[in-house]
Amino acid sequence: MSDLEVGLLILLVLGVIGSNLAVLKYSAKHKMTHFGKDHHKREKSEQKDQPASADTKPSQAEDKDKA
């Protein structure tokens with residue numbers, strides 16, 4: 001191999017290593033959940049926060065009966 005090919009190969013390897021380190025540094029700032037455990041807690045809290053659905057409200061026929 002020529003010196004140019006060796007130099008390009010070394011730069012390529014250093015670039016891959018540098019980009020992997022940059023991604024690791026960036027991703028370390030984010031909180032990772034473990035296999036969806038936090039996901040289930042979030043679903044439960046969202047269900048509590050949602051307003052009552054139309055099924056739980058009294059129907060119009062019941063309102064007329066009360067009047």
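Atom set for the values below is all heavy atoms of this structure, side chains included, hydrogens, waters and symmetry mates excluded. Bear in mind that the values here come from a model prediction, so they are computed numbers and not experimental data.
Within the hydrophobic cluster formed by Ile, Leu, Val, Met, Phe, Trp and Tyr side chains joined at under 4.5 Å, directly or through other members, Leu21 is accompanied by Val13, Ile17. Other residues sharing a hydrophobic cluster with Ile10 under the 4.5 Å side-chain heavy-atom criterion for ILVMFWY residues are Met1, Val6, Leu14. Applying the 4.5 Å side-chain rule to ILVMFWY residues, one finds that Leu24 remains a lone member of its cluster.
Around atom CG of Asn20, more than 12 heavy atoms belonging to other residues, nucleotides or ligands sit under 6.0 Å away.
Partners of Leu4 according to the side chain to side chain contact (heavy atoms under 4.5 Å, CB included) rule, which considers only residues two or more places apart in sequence or in another chain, are Ser2, Leu8.
Residue pairs meeting the ring pair (Phe, Tyr, Trp, His ring centres under 6.0 Å) criterion with at least one partner in residues 2-22, sequence neighbours excluded, do not occur; the list is empty.
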